[in-house]
Amino acid sequence: MSDDVQELGITESKSHNTGEWYAEVVRKAGLADYGPEGMSGFIVTRPRAYAIWERLQGFLDAKFKNTGVQNAYFPLFIPESYLEREKDIVEGFDPEVAWVTEAGNEELEERLAVRPTSESIITPYISQWVRSHRDLPLRVNQWCSVVRWEATETKPFFRTKEFLWQEGHTAHATHEDAWTETLTRLDQYESVYEDLLAIPVLKGQKPDYDTFPGAETTTTVEALMPDGKSVQAGTSHHLGQSFAAAFDITFADEDENERLAHTTSWGLSWRAIGALIMTHSDEQGLVLPPGVAPTQAVIVPIWQEDTKDAVLEYAEGVAADLDDAGVRVELDDRDERNPGFKFNEHELNGIPLRVEIGPNEVDDGELTLVHRPDGESTVVDREGVAASVAAHLDELYAKLYAAAEETLDGEVREADGRDEILGTLGQHGGYVKAPWCGDEACEAPIKEPMAAEIVMVPFEDDDPLVDADGDDAAGDAGSHGETCAICGEPAQRTAYFAKSY
RNA sequence: GGGGCCGUGGGGUAGUGGUAUCCUCGCUGCUUUGGGUGCAGUGGACCUGAGUUCAACUCUCAGCGGCCCCA
C-alpha cells in the first residue's frame with residue numbers, strides 16, 4: 001500500500017459524493033438494478049452480487065452448523081393474531097408491515113402479514129418442540145427474505161423494502177445460556193466482517209431504549225463507512241423471557257419443575273454486501289477481498305499474430321493448474337477485446353488478482369501478477385503458480401483489512417461536552433466516544449441538531465469506565481469519577497456517537 | 001419528517017413550444033492486442049398521466065423514479 005497517489009485519488013472521489021459514487025458502482029459493476037416502476041425500494045440482485053451473497057452465506061452457515069444450529073424454513077406469511085401475541089413486536093414493526101388481505105379473489109378472514117421478522121411464527125413452533133430440559137438448547141435458523149415497508153429513503157443493499165438475510169432463533173434453559181448464545185452469534189458476525197469481508201467492526205450493545213422490539217439486550221457490530229456514517233452490520237438479541245411468555249415456551253427441568261425458557265434471535269442481512277462495496281471500492285469500480293470474490297483471479301493473455309498459439313496454450317496450462325488448486329480462475333481469451341479493455345473491465349468488476357501472460361512471460365517461464373486494490377505488480381515463476389497465487393490472494397486480503405483498520409482507528413475520537421461532541425461529529429464524522437450516564441435524555445441534545453445517535457456501547461469488559469469486578473464508575477468513584485459529557489452526572493458507560501445509516 | 005436539484009437511445013450529456021446534437025453503446029466488416037485500437041456502415045431515446053396550446057420532449061399540475069442537503 002505504498003502507492004499513496006492512488007490512495008489520495010480514491011479518498012477524494014469517495015468522500016466528494018459518496019452516494020452517487022456508490023450507486024454508480026452498484027450499477028456499473030453489475031451488482032444490482034432498481035426494481036420495476038411503482039416498486040421503489042426494491043432491487044434486482046444480479047448474478048455477481050448474488051454470488052457474493054452465496055459466498056457469505058456459505059461462510060456463515062458453516063459456522064452456524066459447527067455450533068449447533070440447524071436450518072429450517074417457516075412460512076412467508078404470519079397471521080395477524082400471531083403477530084399480536086407479543087405486543088412490542090406489533091408496536092415496533094406496525095408501520096412497516098405489508099399485509100395480504102385478499103387471495104384468490106376472496107377477502108381473507110384474517111389478514112396475513114408478510115414477515116418483517118419471524119419470531120412470531122417460529123416461537124410458537126419452538127414452544128411445541130420443547131418439552132424437557134433435554135430439548136434445550138434448541139436452535140433453528142432460516143435463510144430467507146423479509147419485507148419492511150420503509151418510509152425512509154432506500155439504497156441498494158443498505159436499505160431496501162425486501163432484503164435477504166438469515167434469522168436465527170434459539171431457546172435455552174437459563175438466562176446465562178441465552179447470553180452465551182447471543183455473544184456466540186455476535187462473534188460469528190464479527191468474523192464474517194473481519195475474516196471474510198476484510199472490514200473491522202466495533203462490537204457492543206445498543207442503549208436499553210434502543211433494543212429490538214421485545215428484547216432485553218440488543219448486541220451489535222458496527223462498521224464505519226467512508227462517508228463517516230456507521231452501519232449496523234449485524235445484530236444479536238437476548239430476548240429474555242418475553243417471547244417465551246407470550247408464546248408459552250416452557251420445559252420440565254431436572255428438578256421436575258416447569259420453567260420458562262430464555263430465547264435469542266440474531267440476524268445478518270445483505271447490508272453486509274453494501275458495507276463491502278462501500279468500504280473497499282474506488283473510482284475504478286468494485287474491489288473485493290478474495291474470500292467473497294466470485295472470480296478470484298483472471299488471466300489476461302496478450303498476444304501478437306505469431307505468438308497467439310503459444311501464449312494461449314501457456315495460459316490454458318496456468319488456468320488448469322489454478323483450477324486444480326481450487327482457485328476460482330477465469331481465462332479471458334476473448335479475441336475481440338484488447339488487453340487494456342479487459343484490464344479496465346475486470347477492475348470495474350472487482351476481480352482481486354490479474355494474471356498477465358504475454359510472449360515475455362512465455363519465454364521466461366513466468367507470470368505477471370497485478371493486485372486490484374493498488375495495481376502492485378509482481379513477476380513470479382510459472383513453477384509453483386498455485387502456491388504463489390494463493391500467497392498473493394492472502395496478501396490482498398491483508399492489504400484491504402489493514403487499510404480499513406487504519407481508517408477506522410483514525411475515525412474514533414474522544415470528546416467531552418455536548419458542543420465538543422457535535423463539533424467533532426460535524427467536522428469529521430466517524431465515531432465520537434464520550435462518558436455517558438445511560439439516560440436517553442442525554443442522547444437528545446446530540447440527536448436533535450445532528451441526527452447522530454448512540455450507535456454502540458462497548459461491553460462491560462471492554463469499557464474502561466467499568467471495573468473488572470463489574471462495578472460502574474459511580475459505584476466506585478474512588479478510581480474513576482468520570483461524569484456524563486452531557487448532564488454532568490456520574491458516568492456509567494462509554495457511549496459511541498455517530499451518524500448512521 | 002422538511003427543503004432543493006433532476007428524469008432525453010444501453011451509459012453519460014447538449015438543446016429546443018414545431019420530436020434533436022455530440023460522446024459513447026449494440027450489431028456487421030476490416031483493422032488491432034503489454035492500459036478502454038482505428039475506420040466504415042448500420043441500429044436505437046425525450047419517465048407516466050392530466051392540463052394549457054394549432055402544436056408539448058420543452059410550460060403548469062399530479063404521480064412514479066433518482067440524487068443531494070437539513071431534521
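Every chain is numbered from 1 and lettered A, B, ... according to where its sequence line falls, protein lines coming before strand lines.
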For A:Pro207, does its backbone N or O pair with a side-chain atom of A:Thr211 as donor and acceptor, under 3.5 Å? no

How far, in whole Å, is B:G7 from B:A14 if one measures between their P atoms? 9 Å

With rounding to the closest Å, how many angstrom separate the P atoms on B:C68 and B:G12? 15 Å

Paired with B:C67 by Watson-Crick or G-U wobble geometry, both distances under 3.5 Å: which nucleotide is it? B:G4

Separation between the C1' atoms of B:G10 and B:G43, rounded to whole Å: 12 Å

Measuring only the C1' atom in each nucleotide, how far is B:G15 from B:G9? A whole number of Å is fine. 16 Å

Taken to the nearest whole Å, CZ/A:Arg46 to P/B:G10 is 14 Å

Between A:Gln205 and A:Thr217, does any side-chain donor sit less than 3.5 Å from a side-chain acceptor? no

With a 3.5 angstrom cut-off on both distances, give the Watson-Crick or G-U wobble partner of B:U16, or none if there isn't one. none

If we take the P atom in both B:C57 and B:C47, what is their distance in whole Å? 9 Å

Do A:Gln232 and A:Thr220 meet the criterion of a side-chain donor-acceptor pair at a distance under 3.5 Å? no

If you only use heavy atoms from C-beta on, which nucleotide in B:G26, B:G34, B:G35 is closest to the side chain of A:Gln284? B:G35

Sticking with atom P, work out how far B:U8 lies from B:C46, rounded to a whole angstrom. 11 Å

Identify whether any heavy atom of A:Arg334 sits under 4.0 Å from a base atom; if not, whether one sits that close to sugar-phosphate; answer base, sugar-phosphate or nothing. nothing

A:Pro359 near the nucleic acid: base, sugar-phosphate alone, or nothing, with a heavy-atom cut-off under 4.0 Å? base

Who pairs with B:U60 - Watson-Crick or G-U, where each distance is under 3.5 Å: B:A50

Is there a donor and acceptor pair, one atom on the side chain of A:Glu347 and one on the base of B:G35, closer than 3.5 Å? yes

Check whether A:Phe77 forms a cation-pi arrangement with A:Arg115 (NZ or CZ under 6.0 Å from the six-membered ring centre, at most 45° off the ring normal). no

Between B:U19 and B:A45, how many Å separate the two C1' atoms, rounded to a whole number? 10 Å

Polar side-chain contact A:Glu356-B:G35 base: donor and acceptor under 3.5 Å: no

Report the residue (A:Val370 or A:Gly41) whose heavy-atom-nearest nucleotide on RNA chain B is the more 5′ of the two. A:Val370

Relative to each other, are the rings of A:Phe158 and A:Tyr501 parallel, tilted or perpendicular (30° and 60° limits)? parallel

Between B:G66 and A:Arg27, counting only base atoms on the nucleotide and side-chain atoms on the residue, is there a donor-acceptor pair under 3.5 Å? no

Watson-Crick/G-U partner (both atom distances under 3.5 Å) of B:U42: B:G26

By nearest-nucleotide position on RNA chain B, the 5'-leaning member of A:Phe343 and A:Lys28 is A:Lys28

Using a heavy-atom cut-off of under 4.0 Å over every strand shown, decide if A:Glu336 touches base, sugar-phosphate, or nothing. nothing

Can you tell me how far C1' in B:G26 sits from the matching atom in B:G35, rounded to whole Å? 23 Å

Do A:Thr218 and A:His237 pass the side chain to side chain donor-acceptor pair (under 3.5 Å) test, and can you show the C-alpha distance, the side-chain angles, and the key distance before you say yes or no? CA-CA 4 Å; A:Thr218 288; A:His237 316 287; 2.9 Å; yes

